[in-house]
Colleague: 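Please see the structure below; I have some questions.
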Protein chains: 4
Amino acid sequence: MPRKPNTEARRGEIVRALQSVMAKHGYEKATIQAIAKEAGLAPGLLHYHFSSKQEILVSLVTALADYGQRRFEQIAGTAQSPMERLTAYMEARLGLGDGAAPEVVAAWVMIGAEAVRQAEVREVYQRTIATELELLSALLANCLSEHKRATTGARELAAALLAMMEGAYQLASATNGVMPAGYAAQSALRFAKLSLDATALESGA
Amino acid sequence: MPRKPNTEARRGEIVRALQSVMAKHGYEKATIQAIAKEAGLAPGLLHYHFSSKQEILVSLVTALADYGQRRFEQIAGTAQSPMERLTAYMEARLGLGDGAAPEVVAAWVMIGAEAVRQAEVREVYQRTIATELELLSALLANCLSEHKRATTGARELAAALLAMMEGAYQLASATNGVMPAGYAAQSALRFAKLSLDATALESGA
Amino acid sequence: MPRKPNTEARRGEIVRALQSVMAKHGYEKATIQAIAKEAGLAPGLLHYHFSSKQEILVSLVTALADYGQRRFEQIAGTAQSPMERLTAYMEARLGLGDGAAPEVVAAWVMIGAEAVRQAEVREVYQRTIATELELLSALLANCLSEHKRATTGARELAAALLAMMEGAYQLASATNGVMPAGYAAQSALRFAKLSLDATALESGA
Amino acid sequence: MPRKPNTEARRGEIVRALQSVMAKHGYEKATIQAIAKEAGLAPGLLHYHFSSKQEILVSLVTALADYGQRRFEQIAGTAQSPMERLTAYMEARLGLGDGAAPEVVAAWVMIGAEAVRQAEVREVYQRTIATELELLSALLANCLSEHKRATTGARELAAALLAMMEGAYQLASATNGVMPAGYAAQSALRFAKLSLDATALESGA
DNA sequence: AATGAATGAGTGTTCATTCAT
DNA sequence: GATGAATGAACACTCATTCAT
């Protein structure tokens with residue numbers, strides 16, 4: 001009577017526990033003991049399901065990337081026009097409404113710092129950023145081409161907006177009451193619209 | 001016959017050593033031994049000049065804030081018009097020319113991550129961010145008032161640009177070849193100008 | 001309807017797996033997981049068939065003793081004269097021909113080290129050595145008495161040859177290219193003959 | 001007022017402590033805690049003076065090689081003739097008199113087992129064995145050439161005697177009361193003499 | 001018989017901090 | 001001021017053994 005494997009479920013629990021602990025205390029202080037306690041598991045079990053602490057972190061990065069993807073798709077939902085989809089994207093990434101998850105944001109900021117140090121983390125972090133850049137570029141290009149404008153600058157614009165998003169996460173996690181309330185989603189969208197309009201004017205023959 | 005105190009010089013050496021090591025390996029891996037080696041000093045000496053490792057880190061935050069201040073003032077130099085000063089600021093913060101210091105940027109990103117975790121670091125990090133926000137707000141407000149426009153939105157605009165700067169630091173440190181070359185300074189200035197112009201139009205009676 | 005017990009077969013598989021892993025990585029690094037993997041079994045099963053890891057080791061010692069016994073008997077085969085049987089013994093223990101098993105030798109060396117540390121292993125190891133000493137003593141005594149010589153020194157001679165064999169195993173396992181090729185079987189037999197001859201002369205009245 | 005380095009002294013203490021613990025419990029069970037306790041030092045200090053446990057072991061191998069060298073030279077002392085020096089060598093390696101050190105022997109047996117597993121240990125172990133083989137070859141060759149005999153077989157003879165020595169160490173450490181008392185030094189010398197004489201007869205034209 | 005998850009004590013190693021010199 | 005040894009509490013990871021299924 002063999003036992004049913006439950007590794008996938010356990011791995012999920014462990015990854016979620018890392019997210020929680022890391023959001024509060026950073027990666028180095030997210031010890032195996034602390035993660036295990038958060039997950040309600042014996043410490044040794046973590047190394048049964050993952051071969052190293054870094055592997056848990058890498059799993060978390062991909063889990064957060066998936067989460068972001070789902071959140072966007074859910075909010076984009078019925079959006080039809082390119083502009084509606086762009087707005088949905090900003091809401092999904094920077095909005096303060098339902099589903100805004102400060103823990104996810106803080107964990108992501110910690111991951112960004114680890115990506116500077118650990119090559120393996122950097123690799124998967126970079127892939128996530130690259131994917132995000134593609135997605136945002138495409139959304140912007142759609143807005144441009146809808147009005148028959150040149151899409152040449154879409155990538156630089158996307159890069160700038162992406163940087164703004166990452167910076168907003170960082171500042172939201174590391175400061176209290178310094179930044180104006182709700183500036184991020186609003187400003188990002190404003191920048192996007194101004195740039196799209198300016199592009200329109202510039203490229204207009 | 002007491003020796004000439006050299007504490008200030010020593011403290012400076014130690015802080016610079018922390019910056020170097022931290023840029024490469026992050027704060028947790030910047031051990032007292034590693035910092036001492038980088039500085040060419042005996043490990044025990046670090047705790048003579050600083051009471052804790054965290055105190056070195058706090059000193060580094062203020063040192064980097066001062067460095068940023070000096071770099072701006074130097075580049076701003078003879079700039080006269082508000083717009084020239086704003087351009088000088090962006091160059092100082094995001095420019096790729098002389099004095100662009102990737103080590104400083106990487107160290108600053110690591111500090112940002114520590115600010116999420118350590119209250120004492122967060123405190124001085126927040127002050128630095130707040131000062132920066134004031135500076136950038138003032139530069140933008142000057143541009144606006146030069147043309148007799150309302151300065152109401154200057155702070156939000158400054159916040160968004162600041163976020164973009166921090167995000168650009170993060171992405172520059174944690175990715176290679178993903179972001180378009182030189183997008184940051186260019187885009188930030190473009191956003192600033194578009195926003196200033198738009199403000200002008202909006203607030204125009 | 002009870003299943004057909006396969007415990008004996010399973011125990012054999014497990015013991016053989018320990019031999020393989022131990023030859024490569026030593027006893028301490030021969031983990032239950034590694035043995036199970038080598039045997040193609042689930043880790044938990046090992047503790048169903050054996051009550052402890054040490055018990056597997058003890059089984060291996062007796063298995064190797066049996067193996068050595070069989071190998072000698074097979075090679076001795078049709079040998080009739082005492083000298084032929086002695087030669088067969090040396091071939092079985094030190095020969096490089098068919099059936100020379102480096103894995104067995106390496107495992108035996110590891111067992112020898114464990115015998116120093118673990119009383120229970122030492123006990124069965126000692127018994128094996130004692131049996132071997134008796135066997136070799138008898139072979140030598142037969143050679144002596146065939147020529148009507150005193151057999152007094154047979155035991156000391158056997159002890160010395162046994163030591164040489166064990167040392168040859170050790171050096172074969174722990175060195176590469178240091179020892180002259182094929183020195184062991186040859187030298188042991190030469191020593192035996194010289195000693196037998198010398199005994200003959202000495203005891204000849 | 002800088003502190004005087006005492007690393008060399010401490011390293012010696014630590015290596016001696018490893019020897020003691022290892023003789024009793026083997027290498028794997030010679031934990032850093034156990035070694036530290038034996039040496040009367042704090043566990044952390046061991047990694048201040050050595051970068052790893054393996055490095056302590058490697059130091060022990062060379063220390064034991066030096067010890068053996070000194071013991072031979074001391075016993076050889078005033079020995080003049082080649083045969084006297086050969087006898088001194090056997091006494092130094094296998095004798096039971098003053099200075100016979102069962103702890104050293106047991107530690108050496110444990111080292112032999114580790115040499116099978118750890119490449120770095122094997123390297124230094126092999127060098128020691130090779131040096132020993134050279135020494136013994138030279139001693140035997142001197143005996144042969146003194147009587148104007150061919151020295152061709154000296155190396156094989158040395159190898160066989162070396163194997164006997166290593167095997168005697170193993171059996172002395174892992175068995176009690178099985179092996180005849182004092183067989184080793186006596187038999188080794190006897191083998192050497194018989195072989196030398198036989199060589200003499202064979203090569204005599 | 002068999003499975004594979006679970007446990008928890010133990011390992012080598014790291015490291016901020018202290019302190020005698 | 002300066003040195004480098006010393007401390008001891010972490011840490012990630014390992015592993016024999018147990019146990020529910």
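These numbers come from the heavy atoms of this one structure, side chains and all, not from hydrogens, waters or symmetry mates. Model, not experiment: these values are computed from the prediction. Naming convention: chains lettered A, B, ... in sequence-line order (proteins, then strands); numbering from 1 in each chain.
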Colleague: Distance check needed: F/dT14 C1' versus C/H25 NE2, whole Å only.
Modeller: 15 Å
Colleague: By nearest nucleotide on DNA chain E, pick out whichever of D/G44 and A/T7 is the more 5' one.
Modeller: A/T7
Colleague: Figure out the CG/P separation between D/L41 and F/dG4, and round it to whole Å.
Modeller: 20 Å
Colleague: Looking at A/R16 and A/E13, is there a salt bridge between them, counting it only when a charged N and a carboxylate O are closer than 4.0 Å?
Modeller: no
Colleague: Check whether any side-chain nitrogen or oxygen of A/K53 sits under 4.0 Å from OP1 or OP2 of F/dA12, and answer yes or no.
Modeller: yes
Colleague: Who is the Watson-Crick or G-U wobble partner of F/dT21, with both distances under 3.5 Å?
Modeller: E/dA2
Colleague: Flag the pair B/V15 / B/F50 as yes when at least one side-chain heavy-atom distance between them is below 4.5 Å, and no otherwise.
Modeller: yes
Colleague: Return whichever of A/P5 or D/Y27 has its heavy-atom-nearest nucleotide of DNA chain E closer to the 5' end.
Modeller: A/P5
Colleague: Under 4.0 Å, counting only non-hydrogen atoms across every strand here, what does D/L45 touch: a base, just sugar-phosphate, or nothing?
Modeller: base
Colleague: Is there a side-chain contact between A/R11 and A/E55, using heavy atoms and a 4.5 Å cut-off?
Modeller: yes
Colleague: Closest to the D/R3 side chain: F/dT3, F/dG1, E/dG4?
Modeller: F/dT3
Colleague: Under 3.5 Å for both donor-acceptor distances, Watson-Crick or wobble: does E/dT13 have a partner, and if so which one?
Modeller: F/dA10
Colleague: Using atom CD1 of A/I56 as one end and atom C1' of F/dC11 as the other, report the distance to the nearest whole Å.
Modeller: 14 Å
Colleague: Can you check whether B/H47 has a side-chain N or O nearer than 4.0 Å to OP1 or OP2 of E/dC19?
Modeller: no
Colleague: Choose from F/dT17, F/dG4, E/dC15 the nucleotide whose nearest atom is closest to any side-chain atom of C/S52.
Modeller: F/dT17
Colleague: If I take atom CD1 in residue A/I32 and atom P in nucleotide F/dA9, what distance separates them, rounded to the nearest angstrom?
Modeller: 22 Å
Colleague: Could you say whether B/L46 or A/S51 is positioned toward the 5' end of DNA chain F, judged by the nucleotide with the nearest heavy atom to each?
Modeller: B/L46
Colleague: Report the C-alpha separation of D/E28 and D/R117 in whole Å, then their side-chain angles, then the decisive distance to 0.1 Å, and conclude whether the salt bridge (Lys or Arg N to Asp or Glu O under 4.0 Å) test is met.
Modeller: CA-CA 12 Å; D/E28 298 282 340; D/R117 305 205 309 95; 2.7 Å; yes
Colleague: Between B/W108 and B/Y67, does a side-chain contact (heavy atoms from CB on, under 4.5 Å) hold up when you go through it step by step?
Modeller: CA-CA 12 Å; B/W108 184 252; B/Y67 168 84; over 6 Å; no
Colleague: To the nearest Å, how far apart are D/K29 NZ and E/dG12 C1'?
Modeller: 14 Å
Colleague: Report yes if at least one side-chain N or O of D/R10 is closer than 4.0 Å to OP1 or OP2 of F/dG4; otherwise report no.
Modeller: no
Colleague: Within this structure, what is the OH-to-P distance between A/Y48 and F/dA16, rounded to whole angstrom?
Modeller: 14 Å
Colleague: Specify the separation, in whole Å, of atom NE2 of A/H49 and atom P of F/dC13.
Modeller: 16 Å
Colleague: Should D/N6 be listed as having a side-chain N or O under 4.0 Å from OP1 or OP2 of F/dG4?
Modeller: no
Colleague: May I have the distance from D/E28 (atom CD) to E/dA9 (atom P), rounded to whole angstrom?
Modeller: 21 Å
Colleague: Does any nucleotide pair with E/dT7 by Watson-Crick or G-U wobble geometry, both distances under 3.5 Å, and what is it?
Modeller: F/dA16
Colleague: For DNA chain F, whose closest nucleotide is more 5', that of D/Q33 or that of D/K4?
Modeller: D/K4
Colleague: Just checking A/Q33: does its CD atom have more than 12 heavy atoms from other residues, nucleotides or ligands closer to it than 6.0 angstrom?
Modeller: no
